[in-house]
Amino acid sequence: MTSILFIVFLPLLAAAVAGLGNKAIGFGPAKLVTTGALFASCLLSWPIFLGFLSGANTATVVPVFEWIASGDMNVAWSLRVDQLTAIMLVVITTVSALVHLYSWGYMSEDPDQPRFFAYLSLFTFAMLMLVTADTLVQMFFGWEGVGLASYLLIGFWFRKPSANAAAIKAFVVNRVGDLGFMLGIFGTFLVFGTVSIPAILAAAPNMAGSTIGFLGFRADTMTVLCLLLFVGAMGKSAQLGLHTWLPDAMEGPTPVSALIHAATMVTAGVFMVCRLSPMFEMSPTALHFVTFIGAATCLFAATVGMVQTDIKRVIAYSTCSQLGYMFFAAGVGAYGAAMFHLFTHAFFKALLFLGAGSVIHAMHHEQDMRYYGGLRKSIPLTFWGMMMGTLAITGVGLPALFGNPLAFGFAGFHSKDAIIEASWAAGEPGVWFVGVLVAAITSFYSWRLMFLTFWGTPRWAASEHIQHALHDAHGHDAHGHGHDDHARDAHGHGDHAHDAHGHDSHHPSEAHANPAQAEDSGDRPSEHGPAQQDLPAGTGGYHPHESPLVMLIPLIVLSIGAIAAGFVFHGFFIEPSAGESFWKGDIAFREHLMHAMHGVPTLIKLSATIAMLLGLVTAWYAYLKAPSFPKAVSDQFRILYRFLLHKYYFDELYNLLFVRPAFAIGRLLWHRGDEKTIDRFGPNGSAWAVQLSSRIAGRLQNGYVYTYAFVMLIGLTAAVTWAIAK
């Protein structure tokens, strides 16, 4: 298990080399070092995972060094490797390695490639530190590390105002969740006297029924601790209430979106809940809360995803929804199913994001799906890659029914259906209904994306991005980069605007980055549907091009995962025997729930498949058979449509309740407190007093003897008066 040291620290070493060397070592060496380090970590991770599958490996802890020794707190820096860690190792290193490789092509024209690859590797190192943590303090180090790295990556194009705003938003919202996580760690140490995760989990059953003082009240100890820890998970995994940063994170380059959404930051909360599942098992109240938040997030994000027009934002809300599935699986006690969906989701979600990046690359940075259409023949490999991802996320497969001994299907079929069945088996029919409803909505918006992008009449001529590409191609720019000049003009910067070659730009107007703003601007079609009478058809002379091989290889590899990950590995995660043979106590595995899950009625087993077919048929009718249907529906339900388009008005509400008051308080403290009080009576007041006294002294020191005699007389008179009075 000493290989774990190389797995964890190779990305850190690579990040240091690329980041400190930067342009001095050149683009090629920086990319080679970081990508090579990640592939090395990946190759070392898979044998560990397969060893746990076969039973050859057992849980172990690799000490690194003594870290903190203060009073009763002793924190050793150690790397814990068990079944749960092994799953996360292969997920993180595999997706990160492929994202590094993909970025060779995607970021090929960016002038800051060494910095980008250094940030990617740093991000991966922080996540590896999180999942190998043996103590809560060490987990918090990785927790904050991914927060820092996400800030750097989301705001990578730092000259782009919207990217800066998105990075700050992600950082601030996550700090809210991290406050809860910190309080949970403090409370856990107070109760258990240790931050060692194995020691805490072993002692957790002894705390059942005990109470603790919190906010002036006595409350169940484990409920308070679990809820505080879960607040941290809500922020990191973008659950309802602390979700607002996730869609805006799309301002970063597409490879960043794939890494954040598929394998690293957003899965940290799910991993933490599963790692601490013996604690959560001691609090039914906390589990009910986790279930409610997960189900609510699942439904919220799916409904919002239905009306998005930016291809990356559709997939972003899909991520938010799928995370909700994972959390309500954990809430009903199906921790194995939650981890299974995390595992399969990493493959097909990374595939969808990288596929979307390939589409954006082909369409010269256009991200609005209403300006796509008919692309399947122009970019066939990208099309088939995204098709595999769509089949996986929508849960296409054949259930084990009617004499069929084995269920067979794409990755999401095995993991998502397992969650839906587990919610029914756990006696949560309301949660089951939400899961089935979201499965139908997921199918609808996933196939909507495919139909708008790859089928129908090409609508490329209406895209301003395409028109700029044609303008450049016709020789209007001496260097072939008139797009860069336009980006500089649009953002008012004389230097490189970073979105010229970043493949994710939203020029010429940043307002169009927000579909709600685009709707109100009048520049874009007002409806989310491809009402083709509203969109000038045709290609406009533009010919989309397939992505380079270095971008297509990751799509091919991830497609294999999207096809086979569920069928091959489902027995290790969710079969009743998995609790003893695979998990071996690393999570709270409810074997009776797994038995009940496999014995649910036939209609329950078919429910997710029926929902998938309903979503597919609805999307086919709306976007291929009757393209005017979406516009008619949005006109008919205008209020609901705008409600969804504005994402339930969470951003507007938070802006009203928190952002504006915070700015108002800041301005008050700045003008009234700082300038008119502290500065006025402090440094400025002192300077004024010194200046006034200097002027007075200057008038007295005029060189005339009678002036000095007069001053001496006044002084003598004052002294005599004081002496007499005394």
Give a yes or no on whether the backbone of A118 and the side-chain of S121 come within a donor-acceptor separation of less than 3.5 Å.
no
Looking at W77, I want to see if its CH2 is surrounded by more than 12 non-hydrogen atoms of other residues, nucleotides or ligands under 6.0 Å.
yes
Quick check: does any side chain N or O of T132 sit under 3.5 Å from a backbone N or O of L79, one acting as donor and the other as acceptor?
no
Do side-chain atoms of S358 reach the backbone of L354 as a donor and acceptor pair under 3.5 angstrom?
no
Ignoring hydrogens and geometry, is there a side-chain-to-backbone donor-acceptor pair from S150 to G147 under 3.5 Å?
yes
Quick test of your reading of the model: are R115 and D110 salt-bridged, counting only N-O distances below 4.0 Å?
no
Main-chain N/O of F181 paired to D178 side chain as donor or acceptor, under 3.5 Å:
no
Atom pair NZ (K160) and CD (E251), whose distance is rounded to the nearest 0.5 Å:
4.5 Å
Please step through side-chain contact (heavy atoms from CB on, under 4.5 Å) for the pair D112 and M107, ending with a clear verdict.
CA-CA 9 Å; D112 292 317; M107 303 294 291; over 6 Å; no
About how many Å separate OG of S3 and CD1 of I48, when rounded to the nearest 0.5 Å?
4.0 Å
Over 60° means perpendicular and under 30° means parallel, so classify the ring planes of W67 and F141, tilted if in between.
perpendicular
Contact between F116 and L120 at the side-chain level, heavy atoms closer than 4.5 Å - yes or no?
yes
So, does S321 use its side chain to make a donor-acceptor pair with the main chain of Y317 at under 3.5 Å?
no
Counting C-beta onward and ignoring hydrogens, is there a side-chain heavy-atom pair between F327 and F230 closer than 4.5 Å?
yes
When every non-hydrogen atom of G145 is compared with those of A126, the smallest separation belongs to C-CB, 3.5 Å
Could you tell me whether the side chain of Q138 and the main chain of S78 form a donor-acceptor pair under 3.5 Å?
yes
Measure the spacing between OG1 of T85 and CZ of F271 and express it to the nearest 0.5 Å.
5.0 Å
In terms of ring plane angle, is the pair H341 and Y325 parallel, tilted or perpendicular, where the classes change at 30° and 60°?
perpendicular
Can you find a heavy atom in the side chain of M326 that is under 4.5 Å from one in the side chain of M339?
no
Straight-line distance of L351 CG to M386 CE, nearest 0.5 Å:
7.5 Å
Given side chains that start at C-beta, do those of M139 and M129 come closer than 4.5 Å, heavy atoms only?
no
Is any side-chain heavy atom of T382 closer than 4.5 Å to one of L552?
yes
Looking only at heavy atoms, the pair that brings T94 and C42 closest together is OG1-SG, 3.5 Å
Do you know the tightest heavy-atom contact between G389 and F348?
O-CB, 4.1 Å
Begin with the C-alpha distance, continue with both residues' side-chain angles, and end with the deciding distance and a verdict on side-chain contact (heavy atoms from CB on, under 4.5 Å) for L229 and L276.
CA-CA 9 Å; L229 293 169; L276 302 180; 3.7 Å; yes
Beyond-backbone contact of P11 with L128, side-chain heavy atoms, under 4.5 angstrom:
yes
Rounded to the nearest 0.5 angstrom, the CG-CD1 distance for L98 and I556 is 11.0 Å
Are any side-chain N or O atoms of T35 and backbone N or O atoms of K31, one a donor and one an acceptor, separated by less than 3.5 Å?
yes
Taking R313 first and then D248, would you say they form a salt bridge - that is, a charged N and a carboxylate O separated by under 4.0 Å?
yes
Say whether, by atom type as modelled, one donor and one acceptor occur between the side chain of T254 and the main chain of G357 under 3.5 angstrom.
no
cation_pi(K169, W245) dist<6.0 Å, angle<=45:
no
side-chain contact (heavy atoms from CB on, under 4.5 Å) between M369 and L449, worked out:
CA-CA 7 Å; M369 298 183 299; L449 183 152; 3.7 Å; yes
Specify whether Y102 and Y106 have parallel, tilted or perpendicular ring planes, treating 30° as the upper limit for parallel and 60° as the lower limit for perpendicular.
parallel
Step-by-step ring pair (Phe, Tyr, Trp, His ring centres under 6.0 Å) determination, F343 to F569
CA-CA 9 Å; F343 178 76; F569 296 106; 5.3 Å; yes
Measuring from L84:CG to F52:CZ, what's the distance to the nearest 0.5 Å?
10.5 Å
Specify whether Y654 and F650 have parallel, tilted or perpendicular ring planes, treating 30° as the upper limit for parallel and 60° as the lower limit for perpendicular.
perpendicular
Taking every non-hydrogen atom, the tightest pair across R80 and D586:
NH2-OD1, 4.3 Å
Just wondering, do V8 and F125 contact through their side chains at under 4.5 Å, heavy atoms?
yes
Provide the closest heavy-atom pair for A268 versus W143 in the form atom of the first, atom of the second, distance.
O-CZ3, 3.7 Å
Between R175 and E144, is there a salt bridge with N-O shorter than 4.0 Å?
yes
Stepwise side-chain contact (heavy atoms from CB on, under 4.5 Å) test for V557 and F347:
CA-CA 9 Å; V557 175; F347 293 103; over 6 Å; no
Between the side chain of H243 and the main-chain N/O of G241, is any donor-acceptor distance below 3.5 Å?
yes
What's the shortest heavy-atom distance between C320 and L246, and which atoms?
CB-CD2, 3.9 Å
T319 and H345, any side-chain heavy atoms less than 4.5 Å apart
yes
